[in-house]
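One structure is given below, encoded as structure tokens.
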Number of protein chains: 2
Amino acid sequence: MVTVIEQTSLVGVAEGFPFLAGASQATRDLVTALPVRQVAPRSPVLHRGDGVDGVFLVVGGSLRVFYIAADGHEATLYRVRPGQTCILALTAAFRSDPYPAWVETEDEQLSFVLVPGAMFRELYNAEPTFRSFVFEVLSGRVFELMSRLEDLGSLRVEQRLAAFLLEVVDSSGEVVLSQARLAAHLGTAREVVFRALRTMSDAGLVATSRGRVKLLDPAGLRRLHQYG
Amino acid sequence: MVTVIEQTSLVGVAEGFPFLAGASQATRDLVTALPVRQVAPRSPVLHRGDGVDGVFLVVGGSLRVFYIAADGHEATLYRVRPGQTCILALTAAFRSDPYPAWVETEDEQLSFVLVPGAMFRELYNAEPTFRSFVFEVLSGRVFELMSRLEDLGSLRVEQRLAAFLLEVVDSSGEVVLSQARLAAHLGTAREVVFRALRTMSDAGLVATSRGRVKLLDPAGLRRLHQYG
DNA sequence: CATCGAGTGTGACTCAGGTTCCAGAGCATG
DNA sequence: CATGCTCTGGAACCTGAGTCACACTCGATG
């Protein structure tokens with residue numbers, strides 16, 4: 001399931017996970033001793049139904065957790081960024097439930113640390129800062145999923161697209177994703193994304209080119225998301 | 001925000017929350033000493049934006065966590081049943097975030113214990129069984145929200161209605177909710193619920209009467225949910 | 001028993017968005 | 001430079017579901 005293409009050692013784990021700063025030396029040693037693993041961009045990490053006894057601490061790159069519907073269309077449930085952890089694997093670690101979604105890396109190379117289930121339980125029970133970290137990640141995910149549910153149930157595709165563009169825009173103000181990829185994130189069809197982008201483009205909010213969307217008016221997009 | 005209409009003492013908390021059995025005597029005493037509070041059926045408990053420094057342990061009745069969209073329509077995000085806890089208040093207890101949704105009681109009288117934020121933190125840090133409980137509730141909620149998101153994004157209203165009816169059916173095989181209430185749960189319009197019920201009724205899956213839906217063929221409803 | 005509110009039953013209309021199909025542009029490859 | 005893939009642009013169509021308007025029925029209440 002996890003295609004590890006390379007192993008380096010303790011790079012950036014301590015910096016990426018602030019809870020380690022407040023943890024005991026023993027915990028720090030334990031976690032930083034774990035190998036940092038790498039997965040290539042755009043590669044599968046987990047399939048629905050997979051069992052994983054471990055927790056992913058994402059150091060670099062990002063994960064996309066998504067579903068694939070019966071008719072084949074897919075949609076992103078949430079994304080795991082550096083400093084976060086993959087809740088599902090974590091949950092499966094405690095419950096040994098089957099994994100309810102697919103996970104793949106996004107456009108950057110992923111680097112992560114895999115904390116085995118046993119070690120996770122130990123840390124969760126012994127280390128207050130780790131406990132807080134777990135609580136924050138889990139409850140933050142609940143908040144995030146709730147607001148996604150609300151958006152999905154009450155906003156038009158164009159508004160959800162605006163929100164998504166703002167979420168994934170890079171430092172240069174661009175979103176480097178094809179219309180098809182955007183559609184897969186939103187759970188809609190490519191043609192629908194095209195129409196929404198044309199409307200936005202006509203309104204001067206974005207400029208499109210092959211494989212990318214330049215955000216010309218982020219404030220306007222934010223308004224579009226909130227007030228339609 | 002919480003309209004407490006009555007206070008009784010330690011009824012059913014120990015039975016409803018198995019984690020207490022494995023907890024220390026001190027913890028058991030602490031929790032069972034908390035008053036069991038009551039709220040009338042169909043009453044508001046929290047408004048969006050409310051701050052609550054505490055956690056609801058639901059002993060009897062149930063809570064409905066929902067949003068209200070800009071156009072006034074509402075939809076249920078999730079429901080909190082006996083033995084569970086209201087995650088949002090719990091999260092707000094740690095983060096002091098504003099509360100992102102509305103909460104109201106459902107058709108039964110609610111009885112619950114309010115664990116103050118400070119006591120929650122103490123228990124979370126000191127009591128392993130409580131920790132597991134919190135983890136289970138939170139991660140279970142994440143699973144639930146993910147599958148709701150998937151259903152909302154890939155199923156027709158009729159399929160989602162079938163799933164909801166199966167979720168809330170009582171022991172006598174009936175769902176005691178008006179079409180308007182069903183619509184509010186699903187985030188759709190009453191007329192749409194009516195049409196879906198007529199289709200189901202024509203197919204012999206349910207029988208409708210004023211204010212209730214009798215499930216004639218639960219297996220058929222399950223098939224409808226899964227395969228359309 | 002008259003009245004009123006809440007609930008159901010229904011047709012007609014509108015619209016966002018999904019579907020189908022195709023043209024053409026950009027870009028990498030042998 | 002020819003081939004082929006990916007991507008964008010776009011028309012035409014279909015459908016699920018939200019909206020509007022209204023009649024009717026049930027049950028509670030004065």
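Residue numbers start from 1 in every chain, and the chains themselves are labelled A, B, ... in the order their sequence lines are given, proteins ahead of strands.
- Atom P of nucleotide C/dT8 and atom CZ of B/Arg181 are separated by 11 Å, given to the nearest angstrom.
- For the OP1/OP2 pair of C/dG9 and a distance below 4.0 Å, the side-chain nitrogens and oxygens of B/Gln179 include at least one atom meeting the criterion.
- In this structure, of D/dC20, D/dA11, D/dT8, it is D/dT8 that holds the atom nearest to the side chain of A/Ser178.
- Rounded to whole Å, the distance from CZ on B/Arg212 to C1' on D/dC26 is 13 Å.
- Sorted by residue number, the members of residues 192-201 of chain B with any non-hydrogen atom under 4.0 Å from DNA chain C read B/Phe194, B/Arg195, B/Arg198.
- Closest approach to the A/Glu191 side chain among C/dT19, C/dG9, D/dG16 is made by C/dT19 (side chain taken as heavy atoms from C-beta onward).
- In terms of heavy atoms, A/Val65 sits closest to A/Ala101 at CG1-CB, 3.9 Å.
- Below 30°, between 30° and 60°, or above 60°: for A/Phe112 and A/Phe56 the angle between ring planes is between 30° and 60°, a tilted geometry.
- The closest donor-acceptor contact from the side chain of B/Ser201 to the backbone of B/Thr199 lies at 3.5 Å or more, if one exists at all.
- To the nearest angstrom, C1' of D/dA17 lies 15 Å from CG of B/Leu155.
- With D/dT19, C/dT8, D/dT8 as the candidates, the nucleotide lying closest to the side chain of B/Asp71 is D/dT19.
- Distance CG (A/Asp202) to C1' (D/dG10): 13 Å, rounded to an integer number of Å.
- Of the possible polar contacts, none joining the A/Glu104 side chain to the A/Pro44 backbone as a donor-acceptor pair under 3.5 Å is found.
- Listed pair B/Ser209 / C/dG7 fails the phosphate criterion, with no side-chain N or O lying under 4.0 Å from OP1 or OP2.
- Residues B/Leu166 and B/Pro218 meet the side-chain proximity criterion, which asks for heavy atoms closer than 4.5 Å.
- For A/Arg156 and D/dA17, the CZ to P distance is 19 Å, given to the nearest whole Å.
- Contact annotation for B/Arg210: base contact, defined as any heavy-atom pair under 4.0 Å involving a base atom.
- Rounded to an integer number of Å, the gap from CD of B/Gln159 to P of D/dG16 is 11 Å.
- B/Thr105 contributes a side-chain N or O that, together with a main-chain N or O of B/Arg42, makes up a donor-acceptor pair within less than 3.5 Å.
- With hydrogens and angles ignored, a donor-acceptor pair under 3.5 angstrom links the side chain of B/Arg190 to the base of C/dG9.
- Side-chain atoms of A/Leu63 and A/Val45, non-hydrogen and from C-beta on, do get closer than 4.5 Å to each other.
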